[in-house]
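One-based numbering along the sequence shown.
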Amino acid sequence: HGGVAWRGATNIAVNRILRALQHHKGSAALQASGLWALGRLAERLEAPGAGMQDAAQRAKQLHPDSALVQRHADELIAFLLRP
């Protein structure tokens, strides 16, 4: 039952991060840190990827001059598209 609790907490965390990314589109720092956090949740806790790729693509478009946003978005997308 411990795994189920972690999975539930992971889903809540992902949803909150995605919501923050949506509400704070103008903040490159928040976009970069949110994408980083989503990447760690996906990699280490096998968080569901629903909405993550869209969020990463949106952040890349909104912050083309932020190397950090671009890097974290690219890393997240690459992880999500792995075979």
Got a list of side-chain donor-acceptor pairs under 3.5 Å for residues 46-58, not counting sequence neighbours?
unit_1, atom_1, unit_2, atom_2, d
R58, NH2, Q22, OE1, 3.2

Around R16, counting heavy atoms of other residues, nucleotides and ligands shown, do more than 12 lie under 6.0 Å from its CZ?
no

Rounded to the nearest 0.5 angstrom, the NE2-OG distance for H63 and S27 is 6.5 Å

_Main-chain N/O of K60 paired to Q70 side chain as donor or acceptor, under 3.5 Å_ = yes

To the nearest 0.5 Å, atom CD1 of I77 lies from atom CD of E75 at 11.0 Å

Will you find, in the side chains of Q31 and K25, an N or O donor that is under 3.5 Å from an N or O acceptor? no

Closest non-hydrogen atoms of L21 and G34, given as atom of the first, atom of the second and distance, are CD2-CA, 4.0 Å

Nearest heavy-atom contact between W36 and H72 is CD1-CE1, 3.5 Å

What I'd like to find out is whether the side chain of V69 reaches to under 4.5 Å of the side chain of L62, using heavy atoms alone. no

In short, L35 meets L76 closest at the heavy-atom pair CD2-CD2, 4.0 Å

Requested in this report: Ignoring hydrogens and angles, tell me if any N or O in the side chain of R82 forms a donor-acceptor pair with the backbone of A78 under 3.5 Å.
Outcome: no

